[in-house]
Amino acid sequence: MLQTTYIREHKKTIIERFKKRNFEGEEIINQIIKLDDERKTTQQKLDAQLAEGNKLAKEIGQLFKEGKQEEATQIKEQTKALKESGVALKEGQNKIAEDLKSLLYQVPNVPNEIVPHGNSDADNETIFEEGVIPVLHDNALPHWELAKKYNLIDFELGVKVTGAGFPIYKGKGARLQRALISFFLDQAVENGYEEVIPPLMVNEASAYGTGQLPDKEGQMYYMPADDLYMIPTAEVPITNIYRDVILKEKDFPIKNTGYTPCFRREAGSYGSDVRGLNRLHQFDKVEIVQIQHPDKSYETLDTMVDHVKGLLNKLELPYRVLKLCGGDLSFASALTFDLEVYSTAQKKWLEVSSVSNFETFQANRLKCRYKDGNGKTQLVHTLNGSALALPRILAALLENNQTEEGIKIPEVLIPYTGFDIIN
RNA sequence: GGAGAUGUGGCAGAGUGGUCGAAUGCGGCAGUCUUGAAAACUGUUGUACCGCAGGGUACCGGGGGUUCGAAUCCCUCCAUCUCCGCCA
């Protein structure tokens, strides 16, 4: 959520930048400013009335004390009218605040100036490529076939126990999964991230804090009996640790990492894209989150991308880095880099990480601030990225490393798996 | 799940209808003193909104109510603690 003061001060730039995401912002921005003006004037009136009421109440108290009952009763009469109009003003004020909020909720983050124009993922810019796409033998299989052949993942059994999109990992498949989690966490910790194990369900306030609510409730599993949401990503509970917090400058940067399963309803997405591990309702992910000083957040974004690149290098997977165009940029993000690995048997790129700088967009909702050198409270910048999402990494590993003899495990994982080949 | 108690500023802890945004202590920050540090002393120390400013308004777990006036009374929700029950 953008701040109204920021909108007022940068109106022109904002409207211009919104064009990168094909968001026509002029009308809504004007509405917001107009409503905010109304908010100010009604508040002034309301404050004046309340001040008057407070003054009279004090007088009444004083008169009672002096035993001047009659005078006090007279003044009481005055306060009646004041109270009535105060209630009306208050209601108006609440209505305005609500309307203003619902407008602000509809406004996406302002894309960074280096975000390319564009409508869809076709317009994303490839800014980096690394690794060699392997040439597979003639009998190469897609990962879902491999998973079956080597008894690594049982999709049908998952359907029986829960439903589609909830696979059951078995044997070396489960072990490989656990190895990847440990590897990713160890790498993050080595890079200075503090490991946390957060709750897998969050309350409504947290879902608002990171922007899943009010618009994306359809994405999350909801438990009405307890009014809780299953997390769609560790970003939600980890970032919300810092909700309603005022940091000191010396606290920067805050670096957290956490492994969690992620739960996504993915309503309406069916077809070949969801085959095998490509899209699941429950999947594992290691997330990295940073809270940073606004002056340093873009440097930090680069280091986070470098961290993820390092992981992919070590796993020896061919990958590319994309700078997302405005049209593909998520609602809350100012700049996002996606990292995709090549899935050789499927012959397509799979998104395995998305690293974003949200600038103050989340911080504003979270009320996560810091005190600057002048003792003024300012909003922080929040950033996060997947490091990494497991299923597609697993898919690429299985497909790309398959040989006639079996599936080879990358060097770095062997200490974690305890085996070097699946056969 | 049942019964009871509690919820005040960074922390501890006063305050039970008016002069309370809130005593006091600790902590934090700035200064005096000191070669430096500690101690001592002095001052300062919540957040947000409105206003050019003086200043005003709101917030004492959340929400609602009573009252001219609420941290203080009532309702409700949430959290914590104690006891009982149940249970990894």
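We name chains A, B, ... by the order of the sequence lines, and we start the count at 1 in each one. Small disclaimer: the values here were computed from a predicted structure and weren't measured.
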So, OP1 or OP2 of rA48(B): does either fall under 4.0 Å of a side-chain N or O from Arg369(A)?
yes

Say you pick atom C1' in rC26(B) and the same atom in rG62(B); how far apart are they, in whole Å?
29 Å

Give me the distance, rounded to whole Å, that separates rA39(B) from rC29(B) when you measure between the P atoms they each carry.
12 Å

Rounded to whole angstroms, how far apart are NZ on Lys58(A) and C1' on rU57(B)?
12 Å

Whether Asn240(A) side chain and Arg243(A) backbone form a donor-acceptor pair below 3.5 Å:
no

Phosphate OP1/OP2 of rG56(B) contacted by Asn54(A) side-chain N/O (<4.0 Å):
no

When you compare rC33(B) with rU19(B), how far apart are their C1' atoms, in angstrom units rounded to a whole number?
39 Å

So what does Ile75(A) hit on the nucleic acid, given a heavy-atom distance under 4.0 Å: a base, only sugar-phosphate, or nothing?
nothing

Which base sits across from rA58(B) as a Watson-Crick or G-U pair, both distances under 3.5 Å?
rU47(B)

Atom NZ of Lys371(A) and atom C1' of rG46(B): how far apart are they, to the nearest Å?
8 Å

Minimum-distance nucleotide (side-chain atoms of Lys40(A) versus rC49(B), rG51(B), rU57(B))
rG51(B)

Which is true for Ile60(A) with a 4.0 Å heavy-atom rule: it touches a base, it touches only sugar-phosphate, or it touches nothing?
base

Quick note, Gln43(A) side chain, CB onward, closest among rC50(B), rU47(B), rA58(B) is rC50(B)

Give a yes or no on whether the ring-centroid distance for Tyr221(A) and Tyr229(A) is below 6.0 angstrom.
no

With both distances under 3.5 Å as the test, what is the Watson-Crick or G-U wobble partner of rA12(B)?
rU24(B)

Suppose we define a pair by two distances each less than 3.5 Å, Watson-Crick or G-U wobble; what does rU72(B) pair with here?
none

Counting only Watson-Crick pairs (N1-N3 plus N6-O4 or O6-N4) and G-U wobbles (N1-O2, O6-N3), all under 3.5 Å, who is the partner of rA30(B)?
rU42(B)

Going by purine N1 to pyrimidine N3 plus the second Watson-Crick contact, or the G-U wobble pair, all under 3.5 Å, which nucleotide sits opposite rG4(B)?
rC81(B)

How do Lys248(A) and Leu46(A) order along RNA chain B: which one's closest nucleotide is nearer the 5' end?
Lys248(A)

Pick from Leu213(A), Val236(A), Leu228(A): which one makes a side-chain contact (heavy atoms from CB on, under 4.5 Å) with Met220(A)?
Leu213(A)

Salt bridge or not for Asp37(A) and Arg8(A), using N-O below 4.0 Å?
yes

For atom C1', what is the distance between rA70(B) and rC60(B), given to the nearest Å?
11 Å

Are the aromatic rings of Phe358(A) and His381(A) close, with centres under 6.0 Å apart?
no

Please determine whether a side-chain nitrogen of the Lys or Arg among Asp244(A) and Lys367(A) lies less than 4.0 Å from a carboxylate oxygen of the Asp or Glu.
no

Go through rG56(B), rC68(B), rC50(B) for me and flag the one nearest to the Thr79(A) side chain.
rC68(B)

C1' atom, rG69(B) versus rG18(B): distance in rounded Å?
6 Å

Using the P atom as the point on both nucleotides, what is the distance between rG25(B) and rG17(B), in whole Å?
26 Å

Nearest whole Å is fine: how far is rC68(B) P from Leu63(A) CG?
15 Å

P spacing across the pair rU44(B) / rC49(B), given as an integer number of angstrom
25 Å

In whole angstrom, give the distance that lies between atom CD of Gln44(A) and atom C1' of rA58(B).
15 Å

Determine the Euclidean distance between corresponding C1' atoms of rG7(B) and rC77(B); express it in Å to zero decimal places.
14 Å

Glu52(A) CD to rC68(B) P: how many Å, rounded?
17 Å

Gln31(A) atom CD, neighbour heavy-atom count above 12 within 6.0 Å:
yes

For Thr377(A) and rA48(B), is the shortest distance between a side-chain N/O and OP1 or OP2 below 4.0 Å?
yes

Take atom CD of Glu59(A) and atom P of rC68(B), then tell me their distance rounded to the nearest Å.
16 Å

To the nearest angstrom, how far is Asp226(A) atom CG from rC77(B) atom P?
15 Å

In this structure, how many angstroms lie between the C1' atom of rC49(B) and the CG atom of Asp37(A), rounded?
15 Å

Side chain of Asp47(A) (C-beta onward), nearest among rC49(B), rG18(B), rU57(B)
rU57(B)

Which base, if any, makes a Watson-Crick or G-U wobble pair with rC52(B), both distances under 3.5 Å?
none

